[in-house]
There are 2 protein chains.
Amino acid sequence: MTSAYNFNAGPAGLPESVLQQAKAELLDWQNLGASLMEISHRSSEFMAMARETEQDLRELLNIPDNYKILFLQGGGRSQFSMVPLNLLRGKTTADYLDTGMWSSMALKEAMRYTHVNIVASSADQQYRTIPKPSTWYKNPDAAYFHYVDNETVNGNECPTPPNITDVPLVCDMSSNLLSRVIDIKKFGLIYAAAQKNIGISGVTIVIVREDLLGDALPITPMMFNYTLHANAHSLLNTSPTFAWYITGLVLKWLKEQGGVQSIEKINAQKAKKLYGYLDNSSLYENHIEPTYRSRMNVVFKLKDENLNASFLVEAKAAGLIGLKGHQFIGGMRASLYNAVSAQAVDALIAFMREFERKA
Amino acid sequence: MTSAYNFNAGPAGLPESVLQQAKAELLDWQNLGASLMEISHRSSEFMAMARETEQDLRELLNIPDNYKILFLQGGGRSQFSMVPLNLLRGKTTADYLDTGMWSSMALKEAMRYTHVNIVASSADQQYRTIPKPSTWYKNPDAAYFHYVDNETVNGNECPTPPNITDVPLVCDMSSNLLSRVIDIKKFGLIYAAAQKNIGISGVTIVIVREDLLGDALPITPMMFNYTLHANAHSLLNTSPTFAWYITGLVLKWLKEQGGVQSIEKINAQKAKKLYGYLDNSSLYENHIEPTYRSRMNVVFKLKDENLNASFLVEAKAAGLIGLKGHQFIGGMRASLYNAVSAQAVDALIAFMREFERKA
């Protein structure tokens, strides 16, 4: 995060100290006389940094030894294909919970490789809620149960992971991994594109329980096979080295903040403050059922939509950027990822209050 | 390229001015108050830069309007799958020329999706040559003809592209795209991972003739479908924005150097000088048939292999890095990509001469 307060949904703001360090060593990393961008992914220096980054992630999330951590390319959308290609393991159906735009895209992609059982959907409620477990229609023969923990576009979030014990639980945590404490043991696989809480675009984290590996469909492209990546310690081909390095810096920063437990508290306070302000405003509104409101992506509308353009122009002039809502939803969105400070949220609320007063 | 002379095979050295500019604007790009890494790939600022980069590449390589340029993730290995998944177009066989390690990996991956006809192979000559066209066994029913223009590991390069007119010519130019003038019209598709002559790891360029699009196999993962990327102007999902930006800077630098025609001359001189020295040395040797010697990757051995370790240690001490050969081949390799200056080659030869004198 630099001079502007950055509420982008992703790629999103980074801690300023991360950017400062990247800048300081951009032309000469570890006294090699070269940039990190200019050295081999198989050099001892890069590999040491890569392993340390993996170890930091393992510590921060308390990831057990029987889980592999992969650093891949291709973003969450590649995972939409990789999950069914790798995890069907002889089965012919998979459970998907539909809670927003990303859930919906994931299940549509999975349909190309398997029968998809839509456990429940809140599409007809415009994804303003998450269906209650008592309404779910699960299939006991499912290869896995897939859901999206935080829906970046729609602005909802599961308060706790679903309690799925009979089949592997697979989760897209692209927008909230590392934002709160989770119990990895409850999951078979978690994936997350880095460009929200973990670094920059171009690298995707996969955390997968070892016993789920080794049974990809024969049609799986080499680069979409988790097992090959796991066996190669994520160095199957040339890694996105700079993106991996930025993730390393972000994880060091998060450790300095006291880790996931500490940031979770700050994130809860930030979200509570902004939702509290919205609920008491006569200009702004949020329609997500309170239990399921995202702590990461606060979606809101101006009751007078004619004011949208001036809201964004004046916000930018006030040093507040990235507030425009997703093209599919419209309105506004303030993303409050780990690197967004409490001070930034205060500045946003102060601006919104002043804008409301003048409106 | 910074204080050391960098002969890495990839990720490889970058022009110093590129690194300096990236450093200068790392925390505040285009006065946005944020780093380029922190803004949306769908922001007007990023998209303008992205389009300009595409246009610069089109100019530098004189790419006709009926070719799409794609900026993808996943490296050359993803292309090994994407080519057959997208280009079979109802056919059931494809021609592959086997000239080195990368050719061999590409054809093995293709075998999972189609019958592969190996047109010719120089494997039994340890890839020290490229089979003559008169010996090729082409299949008239092939969906396409695939070859690797420069074999980074083995150190051979096609002096000119094969003359294939009956089926689309598909080429891996990961290690020599932009290093010399090519006639794009001779090709159906060209792909190149960026981390040699085009930028940093994490972005892959695909140049594809439009009429070849639109017929991917039904099993093709969404992110492996060229047509979807083409329709979305390479913004199907979150792009590797920083890697794309570095490519933009490298292309501006190349234009400042006088473009591909100018750099081609410099590249030819650099390679000629180093091979000339090797051929007159009693310590070093290169075994590639002279016609097919790579201008990009000069593979050589020390006749006394006991000297390998001290060669590398002393080279590093002299500020020459990245000279270790690929693990599959051993020996040494000096990669002479666009960003490696004539001065760097002179420094390498001076060092090698002194090392030989002492040996």
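Labels below follow one simple rule: chain letters A, B, ... track the order of the sequence lines, proteins then strands, and each chain is numbered from 1.
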**Report entry** Donor-acceptor pair, side chain of A:Glu109 and main chain of B:Met222, under 3.5 angstrom
**Finding:** yes
**Report entry** Among B:Leu236, B:Leu72, B:Leu85, residue most engaged with chain A (heavy-atom pairs, under 4.5 Å)
**Finding:** B:Leu236
Query raised in the report: Checking heavy atoms, do the side chain of A:Ser239, its backbone, both or neither come under 4.5 Å from chain B?
Result: backbone
Requested in this report: Give the intermediate values and the outcome of side chain to side chain contact (heavy atoms under 4.5 Å, CB included) for residues A:Glu38 and B:Leu19.
Outcome: CA-CA 10 Å; A:Glu38 300 179 297; B:Leu19 289 168; 3.6 Å; yes
Query raised in the report: Which bit of B:Pro84 is near chain A, if near means a heavy-atom gap under 4.5 Å: side chain, backbone, both or neither?
Result: neither
Query raised in the report: Quick one: what part of B:Phe80 sits under 4.5 Å from any heavy atom of chain A, side chain, backbone, both or neither?
Result: side chain
Query raised in the report: Do the non-hydrogen side-chain atoms of A:Pro11 and B:Ile39 ever get within less than 4.5 Å of each other?
Result: no
Query raised in the report: Say you draw a straight line from CG of A:Asn8 to NE2 of B:His41; how long is it, rounded to the nearest 0.5 Å?
Result: 10.5 Å
Query raised in the report: Using non-hydrogen atoms only, which part of B:Ala24 is less than 4.5 Å away from chain A: side chain, backbone, both, or neither?
Result: backbone
Query raised in the report: What part of B:Ile219 is in contact with chain A, defined as an atom under 4.5 angstrom from a non-hydrogen atom: side chain, backbone, both or neither?
Result: both
**Report entry** Geometric class of the A:Phe224/B:Phe224 ring pair [parallel <30°, tilted 30-60°, perpendicular >60°]
**Finding:** tilted
Query raised in the report: Quick check: are there more than 12 heavy atoms from other residues, nucleotides or ligands sitting under 6.0 Å from NE2 of B:His233?
Result: no
Report task. Below 4.5 Å from any heavy atom of chain A, which atoms of B:Asn237 appear? Answer side chain, backbone, both or neither. Result -> both
**Report entry** NZ/NE/NH1/NH2 to OD/OE distance under 4.0 Å, A:Lys316 and B:Glu45
**Finding:** yes
Query raised in the report: So what's closer than 4.5 Å to chain B heavy atoms on A:Phe46: side chain, backbone, both or neither?
Result: neither
Query - B:Gln20 portion near chain A, given a 4.5 angstrom heavy-atom threshold - result: both
Query raised in the report: For the candidates B:Pro240, B:Ser201, B:Gly202, which exhibits the highest count of non-hydrogen atom pairs separated by less than 4.5 Å from chain A?
Result: B:Ser201
Query raised in the report: When rounded to the nearest 0.5 angstrom, what is the spacing between CZ in B:Arg42 and NZ in A:Lys324?
Result: 12.0 Å
Query raised in the report: Which residue out of A:Ser81, A:Gly75, A:Ala12, A:Ser78 racks up the most heavy-atom pairs below 4.5 Å with chain B?
Result: A:Ala12
Report task. Might you point out which heavy atoms bring A:Phe242 and B:Ile200 nearest each other, and give the distance in Å? Result -> CB-CD1, 4.2 Å
**Report entry** Residue that, paired with A:Met223, satisfies side-chain contact (heavy atoms from CB on, under 4.5 Å) out of B:Gln79, B:Gln73, B:Arg77
**Finding:** B:Arg77
